[in-house]
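Not measured: the values here are computed from a predicted model. We're numbering straight along the sequence, starting at 1.
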Amino acid sequence: ELLGGFEQADMDRSVGDLWGKVVVWVSGVTEELLGADRVEEGLLFMQRFLQLEQQFKERSLKRRRKDQVKIISEVVLSVRATNIRVVECEQLLMEVGRLEDSKQGTFEWVDSVLVGAM
């Protein structure tokens, strides 16, 4: 129990975890675009991301999981369109696909607070 355990899959938590991961990743992509003399492209990307982030928050309030997953996919595809971090884009799209395919009643490993702090 100190390390974690299996729990019934919570789809909302899974979507939220992936969204948090994507937000951190997008900030790195934005820095990379702005630092690579692609300022205009970086600003347009930031604008698009902020629009999608607002949509995600609205869908979160309404608990529209399917729409949230679609928005995450759109964010990743927006990054892929910039030709930056293409391999990471593919990995994230695979994670999005797993979220779309996951079924209720499955179990997943959940790390404990102790492991998360490390």
Worksheet item: Just checking, any donor-acceptor pair under 3.5 angstrom between side chains of Gln68 and Trp19?
Response: no

Discussion item. By the definition side-chain contact (heavy atoms from CB on, under 4.5 Å), identify the one residue from Val15, Asp67, Val22 that meets it with Phe56.
Written reply: Val15

Worksheet entry | Pairwise side-chain contact, Leu92 with Val79, heavy-atom cut-off 4.5 Å (strictly under) | no

Worksheet item: Is there a donor-acceptor contact under 3.5 Å from the side chain of Arg59 to the main chain of Gln54?
Response: no

Item to complete: Provide the closest heavy-atom pair for Val76 versus Cys89 in the form atom of the first, atom of the second, distance.
Response: CG1-O, 3.5 Å

Worksheet item: Between Leu52 and Ser78, what is the shortest heavy-atom contact and its length?
Response: CD1-OG, 4.3 Å

Item to complete: Could you go through the side-chain contact (heavy atoms from CB on, under 4.5 Å) check for Leu77 and Glu74 one step at a time?
Response: CA-CA 5 Å; Leu77 291 173; Glu74 286 181 43; 5.6 Å; no

Worksheet, complete the sentence: Closest non-hydrogen atoms of Leu43 and Leu34, given as atom of the first, atom of the second and distance, are N-CD2, 4.2 Å

Discussion item. Within this structure, what is the CG-OG1 distance for the pair Leu44 and Thr82, rounded to the nearest 0.5 Å?
Written reply: 11.5 Å

Practice prompt. Can you run down the salt bridge (charged side-chain N to carboxylate O under 4.0 Å, His left out) pairs that involve residues 26-37, sequence neighbours left out, and say none if there aren't any?
Written response: Glu32-Arg85

Practice prompt. Look at the side chain of Ser73 and the backbone N and O of Val69, then say whether any donor-acceptor pair between them is shorter than 3.5 Å.
Written response: no

Worksheet, complete the sentence: Interatomic distance, OG1@Thr30 vs CZ@Phe45, rounded to 0.5 Å, equals 5.0 Å

Practice prompt. State the CE-CD distance between Met46 and Gln51, to the nearest 0.5 angstrom.
Written response: 12.0 Å

Worksheet item: Are Glu53 and Val75 close enough, and set up right, to give a side-chain contact (heavy atoms from CB on, under 4.5 Å), and what steps lead you there?
Response: CA-CA 9 Å; Glu53 184 178 39; Val75 170; over 6 Å; no

Item to complete: Please report the closest heavy-atom contact between Val23 and Phe49, naming both atoms and the distance.
Response: CG2-CZ, 4.0 Å

